[in-house]
Amino acid sequence: NNKYLEIYNATDADVDLGIYSISSCSNGCNETDVWDYPDNITFEAGTTVAAGDVYVVCHGSSDDFILAECDQTFTYLSNGDDVFALTEIGSGNILDIIGTIGEDPGSGWDVAGISNATKDHTLVRASIVASGNNGNWGKSAGNAESSEWEVYEQDNWEYLGSH
């Protein structure tokens, strides 16, 4: 249950998350560009992320270390083969995504040249990345030389709460 997602605000102003959501699909998605669970996680109007800060969504039964950084709980976070995306409410416009819509990856997606890296690993966005991938997971996941992600062992929480 030690699962969490972070939303990073790379701008120099506060961002209201009230117009955004996290949309998801189980085991990839059944159809390309159709969410199993559109707007699955929403944020109340006025929920802001300060400039340069992160907003953490975590499983409610996570370790106390994670819960101390958690801003909002959500029970159904990925087991490695579920697509999650930061989307605009209603339109489904993708700002950032983990996974590929329409594809069941088996156990998980490869990231930075590591097989099944989205399963039983901790993914951390490279510090030089300051914007979402706009739905292009393949480019974001990359290979060992071109990935926007660093892959760590499971339960590495060293970077939790920061970017």
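Side chains are part of it too, since the values below use all heavy atoms of this structure and drop only hydrogens, waters and symmetry mates. Since this is a predicted model, take the numbers as computed values, not measurements.
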>> Taking side chain to side chain donor-acceptor pair (under 3.5 Å) as the definition, give me every residue that meets it alongside N143, ordered by chain and number, with sequence neighbours left out.
In response: S146

>> With disulfide bond (SG atoms under 2.5 Å apart) as the rule and sequence neighbours excluded, what pairs involving residues 46-77 come up?
In response: C58-C70

> Among pairs that include at least one residue of residues 21-44, which meet ring-ring contact (aromatic ring centres under 6.0 Å, His included), considering only residues two or more places apart or in two chains?
Replying inline: F43-Y55

> So, N40 and S24: side-chain donor and acceptor under 3.5 Å apart, yes or no?
Replying inline: yes

>> Among residues at least two apart in sequence or on other chains, which ones pass side chain to side chain donor-acceptor pair (under 3.5 Å) with S107?
In response: none

> Any side-chain donor paired with an acceptor under 3.5 Å for D63 and N2?
Replying inline: no

> Which atom pair, heavy atoms only, marks the closest approach of G106 to D104?
Replying inline: N-OD1, 3.0 Å

>> Per the disulfide bond (SG atoms under 2.5 Å apart) rule, what does the pair list look like for residues 18-54, sequence neighbours excluded?
In response: C25-C29

> Listed by chain and number, what are the ring-ring contact (aromatic ring centres under 6.0 Å, His included) partners of Y8, not counting sequence neighbours?
Replying inline: H163

> When clusters are formed by joining ILVMFWY residues with side-chain heavy atoms under 4.5 Å apart, either directly or through shared neighbours, do I22 and I101 land in the same one?
Replying inline: yes

> Can you name the nearest heavy-atom pair linking K3 to N79, along with the distance?
Replying inline: NZ-CA, 3.8 Å

>> To the nearest 0.5 Å, what is the distance between CD1 on I98 and OG1 on T118?
In response: 8.5 Å

> Can you check whether N133 reaches L95 side chain to side chain, under 4.5 Å on heavy atoms?
Replying inline: no

>> Rounded to the nearest 0.5 Å, what separates atom OG1 in T47 from atom CD1 in I19?
In response: 12.0 Å

> Which pairs with one or both residues in residues 74-102 pass ring-ring contact (aromatic ring centres under 6.0 Å, His included), sequence neighbours excluded?
Replying inline: none

> With side chains defined as the heavy atoms from C-beta onward, is the minimum distance between V49 and V54 less than 4.5 Å?
Replying inline: no

> Quick one: are T42 and I89 in side-chain contact, heavy atoms under 4.5 Å?
Replying inline: yes

>> I need the L86 CG to S23 OG distance, nearest 0.5 Å.
In response: 9.0 Å

>> When you measure from the side chain of D16 to the backbone of G46, do you find a donor-acceptor pair of N or O atoms at a distance under 3.5 Å?
In response: yes

> Side chain of D36, backbone of S26: donor and acceptor closer than 3.5 Å?
Replying inline: yes

>> With a 4.5 Å cut-off on side-chain heavy-atom distances among I, L, V, M, F, W and Y, is there a chain of contacts connecting V151 to Y4?
In response: no

> For the residue pair T122 and D155, what are the closest heavy atoms and their distance?
Replying inline: OG1-N, 3.4 Å

>> Show every salt bridge (charged side-chain N to carboxylate O under 4.0 Å, His left out) that has at least one partner inside residues 132-153, sequence neighbours left out.
In response: R125-E148

> Does any pair with a residue in residues 128-138 pass salt bridge (charged side-chain N to carboxylate O under 4.0 Å, His left out), and if so which ones, sequence neighbours excluded?
Replying inline: none

>> Show every salt bridge (charged side-chain N to carboxylate O under 4.0 Å, His left out) that has at least one partner inside residues 72-93, sequence neighbours left out.
In response: none

> Honestly curious: do I41 and Y20 fall in one hydrophobic cluster under the side-chain, below-4.5 Å linking rule?
Replying inline: yes

>> I want to check something: taking the side chain as every heavy atom from C-beta on, are T100 and W109 in contact at a cut-off of under 4.5 Å?
In response: yes

>> Using modelled atom types and a 3.5 Å cut-off, is there a donor and acceptor pairing between side-chain atoms of S62 and backbone atoms of N1?
In response: yes

> Does I97 reach the side chain of V83, with side-chain heavy atoms less than 4.5 Å apart?
Replying inline: yes

>> Counting C-beta onward and ignoring hydrogens, is there a side-chain heavy-atom pair between I94 and N134 closer than 4.5 Å?
In response: no

> Side chains of W149 and V124: does their closest heavy-atom pair fall under 4.5 Å?
Replying inline: no

> Hey, does the side chain of S147 reach the backbone of A141 with a donor-acceptor pair shorter than 3.5 angstrom?
Replying inline: yes

> Where is the tightest heavy-atom contact between P105 and G28, given as atom of each residue plus distance?
Replying inline: CD-N, 4.0 Å

> Roughly how far, to the nearest 0.5 Å, is CD1 of I7 from CG of L17?
Replying inline: 5.0 Å

> Do L160 and I66 have side-chain heavy atoms sitting under 4.5 Å apart?
Replying inline: yes

> Who are the side chain to side chain donor-acceptor pair (under 3.5 Å) partners of T11, not counting sequence neighbours?
Replying inline: N9

> Could you walk me through whether T73 and V57 pass the side chain to side chain contact (heavy atoms under 4.5 Å, CB included) check?
Replying inline: CA-CA 5 Å; T73 61; V57 177; over 6 Å; no

> Can you list the residues that meet the side chain to side chain donor-acceptor pair (under 3.5 Å) rule with D39, with sequence neighbours excluded?
Replying inline: S21

